[in-house]
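A short worksheet on the structure shown next.
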Amino acid sequence: MEKNAKIYVAGHRGLVGSAIVNNLKAKGYTNIIGKTHKELDLLDQKAVKTFFETEKPEYVFLAAAKVGGIVANNTYRADFIYENLQIQNNIIHQSYKHNVKKLMFLGSTCIYPKNCPQPMKEEYLLTSELEYTNEPYAIAKIAGIKMCESYNLQYGTNFISVMPTNLYGPNDNFDLEKSHVLPALIRKIHCAKLLNEKKYDEVIQDLGVNTLIEAKAYLANFGVDENRVEIWGSGKPRREFLWSEDMADACVFLMENRDFKDTYTTQEGSNTTCSSNEVKNKEIRNTHINIGTGVDISIKELAETIKEIIGFQGDLYFNTDKPDGTMKKLTDPSKLHSLGWKHKVELRKGIEKMYEWYQQ
Ligand SMILES: NC(=O)C1=CN([C@@H]2O[C@H](COP(=O)(O)OP(=O)(O)OC[C@H]3O[C@@H](n4cnc5c(N)ncnc54)[C@H](OP(=O)(O)O)[C@@H]3O)[C@@H](O)[C@H]2O)C=CC1
Ligand SMILES: C[C@H]1O[C@H](OP(=O)(O)OP(=O)(O)OC[C@H]2O[C@@H](n3cnc4c(=O)[nH]c(N)nc43)[C@H](O)[C@@H]2O)[C@@H](O)[C@@H](O)C1=O
């Protein structure tokens, strides 16, 4: 990417999009554009077409999506499949129509089978059934990978896909119903600590309510009081977490260093860099790249670590009426490592940074 190229970051105010913008700026890119949801509804096909006609971006990071934790995915199943398909269809198709030089599509590791061999390699995609709680979202993400792949093969575009593991960092979503586990536990445990220390004004302010009664009632819905905090599920599932700024760095690194032709494996399973004519005679598979740390932790251990960092003295308890989801989903990031990129922020340090950010 040229330093003055016009780069569109879709979802530029989200967890990943905001980190991508910061990373690009730090690396000297000067012409970055973004539109808020209010300014451009990416579900609106006509509006997206007009945007591409007017702005003519040269590079696109597709980091806009309908995103949420396990319960949000399981509850708003229709919204997750419809909105994600629609957003990615609009952006990928208009990127082709308007000769975007390179696009990066962000998927998720939930594309891999529920009982996938561990750690999960790129080639395990579409080898058996998906985890039910996020099946609609995962199917939209698989469609995104296949859409990029298909446009590349039919139209010669240069669209690459990355599959990040669970992410966390500044600008995360802390909504207790819809967020992912890490921000949810930070907020629940922090509020329990405030109640325990009788810092009632702070808890009222944190929740944006008017009275202590409202604050306590709200937290009680999520199994939080001054003495204990509810953790969803059994605590046994294992998850891998990547700091969002590391994720953004990997995305920019891959946009700078990888083209579609470098990303796929042939039928024989070997990496290849064959030309587009040669491509026509092969079955192209596994064009996406995992982004992860290669290290996971149980939800119980995660909750205990967060509790220790926050300094809450009460108890944690497990509500097994809530879903566990996939029991283990650990990426094999060796493809990414072999290209020369590795994460920097380890989980404990990341949680400390995140809690600091949250308090500010
Ligand atoms: N967070 C995670 O743990 C993981 C995320 N990913 C993927 O990474 C990408 C980025 O996720 P993340 O940053 O966490 O998500 P966020 O929810 O933080 O950000 C998504 C952004 O997309 C915008 N957006 C959503 N719908 C529309 C729309 N119809 N029109 C315009 N803008 C819209 C949102 O704006 P607004 O809020 O105003 O609606 C928001 O700014 C996604 O593709 C996600 O699937 C993959 C694996 C894990
Ligand atoms: C990124 C990823 O995110 C989602 O999948 P998930 O990994 O299951 O995400 P999660 O962060 O919500 O949960 C991880 C684990 O943690 C447990 N858990 C405990 N207590 C809380 C809690 O308070 N909130 C939440 N959200 N989870 C909790 C929870 O029960 C589960 O066992 C999918 O949307 C999927 O599509 C996707 O891509």
Side-chain angles (χ1 to χ4, degrees), residues 9-20 34-44 47-48 51 61-74 76 79-80 82-84 86-88 90-91 104-112 130-131 133-138 140-141 144 161-173 175-189 222-224 229-242 244 247-248 251 291-292 298-300 302-303 306 316 318-320 322-329:
V9 181
H12 70 295
R13 297 215 293 201
L15 169 69
V16 181
S18 59
I20 289 176
K35 291 273 176 204
T36 63
H37 195 151
K38 227 177 176 179
E39 291 164 342
L40 173 63
D41 183 355
L42 296 168
L43 298 176
D44 182 340
V48 175
F51 168 76
F61 287 87
L62 207 181
K66 173 87 178 167
V67 181
I70 190 166
V71 167
N73 267 267
N74 204 15
Y76 306 104
D79 298 347
F80 272 81
Y82 167 70
E83 293 186 28
N84 284 308
Q86 190 79 351
I87 291 171
Q88 67 204 39
N90 287 340
I91 294 186
M104 173 174 281
F105 169 68
L106 274 68
S108 162
T109 51
C110 67
I111 58 156
Y112 292 112
L130 299 164
E131 155 62 27
T133 53
N134 56 36
E135 193 179 61
Y137 174 78
K141 294 295 188 185
S161 301
V162 291
M163 298 304 121
T165 189
N166 293 38
L167 307 168
Y168 68 106
N171 300 319
D172 214 329
N173 174 4
D175 178 295
L176 294 183
E177 184 208 352
K178 295 182 179 156
S179 63
H180 291 103
V181 60
L182 207 151
L185 293 192
I186 286 186
R187 191 170 198 196
K188 289 199 283 194
I189 296 174
F222 294 96
V224 177
V229 171
E230 176 187 280
I231 311 296
W232 295 352
S234 64
K236 290 179 186 154
R238 299 184 73 83
R239 291 291 183 272
E240 175 193 18
F241 295 96
L242 178 69
S244 61
M247 165 66 187
C251 290
I291 303 187
S298 74
I299 297 301
K300 181 170 187 279
L302 174 76
I306 295 174
L316 304 176
F318 295 89
N319 179 354
T320 49
K322 293 278 196 246
D324 269 340
T326 309
M327 291 312 285
K328 186 167 168 87
K329 49 172 176 177

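Because the structure is a prediction, the values reported are computed rather than measured. Indexing begins at 1, ligand by ligand and atom by atom, following the structure's order.
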- request: With heavy atoms under 4.0 Å as the rule, classify the contact between Thr165 and ligand 1 as side chain, backbone, both or neither.
  value: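 Backbone only.
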
What part of His180, side chain from CB on, backbone N/CA/C/O, both or neither, has a heavy atom under 4.0 Å from ligand 1?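 For His180, the contact with ligand 1 is made by the side chain alone.
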
Are any side-chain N or O atoms of [X] and backbone N or O atoms of [Y], one a donor and one an acceptor, separated by less than 3.5 Å?
X: Thr165; Y: Glu240; value: yes
X: Asp324; Y: Ser234; value: yes
X: Asn134; Y: Tyr137; value: no
X: Gln86; Y: Leu43; value: yes

Is there a nitrogen or oxygen of [X] sitting under 3.5 Å from a nitrogen or oxygen of ligand 1?
X: Ala64; value: no
X: Asn171; value: no
X: Gly17; value: no
X: Glu83; value: no
X: Ser108; value: no
X: Leu62; value: no

Can you report which non-hydrogen protein atom sits closest to [atom], along with the distance?
atom: atom 3 (O) of ligand 1; result: Leu167 N, 2.9 Å
atom: atom 18 (O) of ligand 1; result: Leu15 N, 2.8 Å
atom: atom 30 (N) of ligand 1; result: Leu42 N, 3.0 Å
atom: atom 45 (O) of ligand 1; result: Tyr137 OH, 2.5 Å
atom: atom 43 (O) of ligand 1; result: Lys141 NZ, 2.8 Å
atom: atom 41 (O) of ligand 1; result: Gly14 N, 3.4 Å
atom: atom 11 (O) of ligand 1; result: Val67 CG2, 3.7 Å
atom: atom 29 (N) of ligand 1; result: Asp41 OD1, 3.0 Å

Which of the numbered atoms in ligand 1 are below 4.0 angstrom from a heavy atom of [X]?
X: Pro164; result: 46 (C), 47 (C)
X: Leu43; result: 29 (N)
X: Ala63; result: 9 (C), 10 (C), 20 (C)
X: Leu106; result: 8 (O), 9 (C), 43 (O)

Report task. Dump the intermediate steps for side chain to side chain contact (heavy atoms under 4.5 Å, CB included) on Val181 and Phe241, then the final yes or no. Result -> CA-CA 10 Å; Val181 60; Phe241 295 96; 3.7 Å; yes

Would you check ligand 2 and list the protein residues that come within less than 4.0 Å of it by any heavy atom, ordered by chain and number?
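Answer by chain and number: Gly68, Gly69, Ile70, Asn73, Ser108, Cys110, Asn134, Tyr137, Asn166, Ser179, His180, Val181, Ala184, Leu185, Lys188, Ile231, Trp232, Pro237, Arg239, Ile299, Pro323, Asp324, Lys329.
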
*Could you tell me whether atom 37 (O) of ligand 1 has at least one protein heavy atom nearer than 4.0 Å?*
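No; the ligand atom in question lacks any protein heavy-atom contact below 4.0 Å.
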
Strictly inside 4.0 angstrom of atom 34 (C) of ligand 1, do you find any protein heavy atom?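 Within 4.0 Å of atom 34 (C) of ligand 1, no protein heavy atoms are found.
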
Look at ligand 1 and say whether [X] reaches it with a heavy atom at a distance under 4.0 Å.
X: Lys66; result: no
X: Leu40; result: yes
X: Ile87; result: yes

- prompt: Which of these passes side chain to side chain contact (heavy atoms under 4.5 Å, CB included) with His180: Ile70, Asn173, Val67, Leu167?
  reply: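 That would be Val67; it is the only one of Ile70, Asn173, Val67, Leu167 passing the side chain to side chain contact (heavy atoms under 4.5 Å, CB included) with His180.
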
Non-hydrogen side-chain atoms of [X] and [Y] separated by less than 4.5 Å:
X: Thr133; Y: Asn73; result: no
X: Phe105; Y: Lys141; result: yes
X: Lys66; Y: Tyr82; result: no
X: Lys329; Y: Asn166; result: yes
X: Arg13; Y: Ser18; result: no
X: Phe222; Y: Glu177; result: yes
X: Met247; Y: Ile291; result: yes
X: Leu302; Y: Arg239; result: no

What is the minimum heavy-atom distance between [X] and [Y], and which atoms define it?
X: Gly107; Y: Pro164; result: O-CD, 3.3 Å
X: Ile87; Y: Ala65; result: CD1-CA, 4.1 Å
X: Phe80; Y: Ala140; result: O-CB, 4.5 Å

Requested in this report: Can you establish whether the number of heavy atoms outside Lys300 located under 6.0 Å from its atom NZ is more than 12?
Outcome: no

### Query
Atom CD1 of Ile20 and atom NE2 of His12: how far apart are they, to the nearest 0.5 Å?
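Between Ile20 CD1 and His12 NE2, I get 12.5 Å after rounding to 0.5 Å.
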
Item checked: Shortest reach to atom 6 (N) of ligand 1 by a heavy atom, considering only Ala10, Gly107, Gly11, Gly169 ->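 Minimum heavy-atom distance to atom 6 (N) of ligand 1 goes to Gly107.
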
